[in-house]
Amino acid sequence: MKRVVNDISKKIVLLFFGFFTLLYAVGNILFTVRMDELITNIVSFNSGITIVNIICLLVLLILINILIKNDFFNLNEKIFLSLFLLLSLIVGLVWIFSNDPVLRELDDAYNCFRAAKNIAIGNLAPLSYKSYISVYPNNIGLVTYLLIHIKLFGADLALYTIRIVNLLFVLLGYFALYRITKNIFNNRIVTCTLIILMFGSMQFVFFSFFVYGNCLSYTMALLSVMFLLDYFKSNKITHLVLSSLFIICSISIKANSLIILIAEAIMLILYVINTKKLIVILVLLFTLLGVYGGTTGLQKFWGNRVNIDYNNTKLPTICWFAYGLNYDQRRPGGYFDEFEIYHTENGYMSEFTEKRVRTFIDGVLDNFKENPKLVLRFYGQKYLSSWVNPQYETFDQYRELNNSNFVKNVVGGKINDILNVFWDGISSVIAIGIFVFMIKQGRTLNLYSMIGMVIVIGGFLFHTLWEVKAVYLYQYYMYLLPYAAGGLVNILSRNKV
């Protein structure tokens, strides 16, 4: 029975991940996406088969091949990792202190920080009826975290401490990814190849400027997966509890990590079927209660302070499904403000807004029925604009800020062009790596080592229906790196993994 369940589970994962891998490989090699993040924030689709992109891809493959063939990785992998983390720290600090620290007005991060700033001085208006939080109570966990910084350091200094903590968590996230890869493959060449791929994936370092919880949430999720894999190998309950605590914290700050919790829950249920360890079920129930406390519980706590039930005032969840059906070619599947405006102009009544949203969804689906070709074009563009965006909207937060010429050059000038070509080349290398991995090694992995695949599948399926932005998908991109490293070593090394 156990063997049948495991075999069926592995086949399902490989089937869905194989489909995703094919889309990812074709999309990244044939296309590239640019977003005018400095001015218009509009997506443009371009051919990925250009002389510059091909040269970049070949150079990267040749470089990795030379490093592997000449046994460059005789260098102690921990030293190699330490050098990479040191470089990331320097780049991150330079970037943080090169930028204008202010937040762009009316952004979600700006609204969350402003709410925390007012709460810190005893003004609870940002939590009350007709406030930003009454529309988006899902951000209360982030506001609570920002409030701690402001209480400790003051509002002005907090803009720096938040970003420095972000950067430290980025480094911790890279370390967790290294440990995850080591756990899956236990091969020095693979882990060193991963470090090269992480060097080519330093968008995460630039995310440290975001005051919107991305770095903390993404890293805590990585740590949760890391400790879960440790538990599957060691059976130490401490590792399982740490995994639980980190995913609770991750979801409390950004609900996006719910997909990762679902993937972990699937793996834990399969683990219980195989081992009959009921303690795992208890820890899973504890995790669910913790997530409830860190999300709904926290909303009730702050709502009671101002006598408001956010369930009656929040933007209905169905809005995000409607955003996912936004077929505006400038930003397919992305946010638009129609429902929020309707919501605020009609008394912040969730029930009325939901009816308006359902009418919109019905109209879109009717349009799809009448124009089947529109469905393929829409979902193709939605996929490409998010999964094939090499910058992952890294510089979205910098538009309209009064920054130096250097920063503007990185965000939207010649340096940005160079970074885009480089990151596009790395994305193509990763696409080749996971494609080869799926063909040659996918079936050899044990079930629990497939957790990264399950997470990516979950993110892909969820954002096919939900609102999507490339920045949301970067956390799934990171789970591709270990498998890409394994695939590249399989191509280029005599020592197969």
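Each of W387, F206, F207 was evaluated against Y474; a single residue qualifies, F207, per the ring pair (Phe, Tyr, Trp, His ring centres under 6.0 Å) test.
Distance alone, capped at 3.5 Å, is enough to place a donor-acceptor pair between the S428 side chain and the N28 backbone. R163 places a side-chain N or O within donor-acceptor distance of the main-chain N or O of P101, the cut-off being under 3.5 Å. D100 places a side-chain N or O within donor-acceptor distance of the main-chain N or O of V102, the cut-off being under 3.5 Å. Between the side chain of N409 and the main chain of K414, a donor-acceptor pair closer than 3.5 Å is present. Looking at E77, its side chain never comes within 3.5 Å of a backbone N or O of C192 through a donor-acceptor pair. Remark: side-chain polar atoms of K382 are paired, donor with acceptor, to backbone N or O of T464 under 3.5 angstrom. Counting only distance, with no hydrogens or angles, the side chain of T193 and the backbone of I189 share a donor-acceptor pair below 3.5 Å. Of the possible donor and acceptor atoms, one in the side chain of N446 sits under 3.5 Å from a partner among the backbone N and O of S449. Remark: the backbone N or O of K78 is paired with a side-chain donor or acceptor of S82 at under 3.5 angstrom. Checked by atom type and distance alone, the side chain of Q203 pairs as donor or acceptor with a backbone atom of P390 at under 3.5 Å.
For the residue pair N274 and Y448, a side-chain donor N or O sits within less than 3.5 Å of a side-chain acceptor on the partner. A donor atom on one side chain and an acceptor atom on the other are not found under 3.5 Å apart for H463 and S386. Side-chain atoms of S88 and Y174 form no donor-acceptor pair, as typed in the model, at a separation below 3.5 Å.
Side-chain atoms of W466 and T317, non-hydrogen and from C-beta on, do get closer than 4.5 Å to each other. Counting heavy atoms from C-beta on, the side chains of V436 and L488 never come closer than 4.5 Å. At a threshold of 4.5 Å between non-hydrogen side-chain atoms, the residues S98 and V410 do not count as touching. A heavy-atom distance below 4.5 Å is found between the side chains of M198 and L81. Within the 4.5 Å cutoff, the side chain of T161 has no heavy atoms near those of the L152 side chain. When side chains are defined from C-beta on, E467 counts as touching Y472, because their heavy atoms get closer than 4.5 Å. With contacts defined as side-chain heavy-atom distances shorter than 4.5 Å, the pair L261/I248 does not qualify. The side-chain heavy atoms of Y24 and Y383, taken from C-beta on, include a pair separated by under 4.5 Å.
For the atom pair CD1 of I162 and CG of L216, the computed distance is 9.5 Å after rounding to the nearest 0.5 Å. To the nearest 0.5 Å, atom SG of residue C112 and atom CD1 of residue I140 are 10.0 Å apart. Note that CD1 of I237 is 5.0 Å distant from CD1 of I279, once rounded to the nearest 0.5 Å.
More than 12 heavy atoms of other residues, nucleotides or ligands sit less than 6.0 Å from atom OH of Y136. With a 6.0 Å radius and a threshold of 12 heavy atoms from other residues, nucleotides or ligands, F16 has its CZ atom at or below the threshold. Heavy atoms of other residues, nucleotides or ligands lying less than 6.0 angstrom from NZ of K11 number 12 at most.
The two residues I269 and L284 make their nearest non-hydrogen contact at CG1-CD2, 4.4 Å. Taking both residues in full, the closest heavy atoms of G173 and T219 are given as N-CG2, 3.5 Å, listed atom of the first, atom of the second, then distance. Scanning all heavy atoms of the two residues, the minimum distance from S252 to T295 falls at CA-CG2, 4.4 Å. Minimum interatomic distance between A470 and Y392 (heavy atoms only, all atoms of both residues): O-CD2, 3.2 Å. Contact record, L222 with I180: O-CD1, 3.7 Å, taken as the closest heavy-atom pair. Between G458 and I259, the closest heavy-atom pair is C-CG2, 3.6 Å.
A distance of 6.0 Å or more separates the ring centres of F460 and Y476. Less than 6.0 angstrom separates the ring centroid of Y160 from the ring centroid of F97.
Ring geometry for F437 against Y483 counts as tilted: the plane angle lies between 30° and 60°, on a 0 to 90° scale.
Annotation: salt bridge (Lys or Arg N to Asp or Glu O under 4.0 Å) contacts of K10 (sequence neighbours excluded): none.
Remark: K236 is not positioned above the aromatic ring of F227, lacking an NZ or CZ atom under 6.0 angstrom from the ring centre and at most 45 degrees off the axis.
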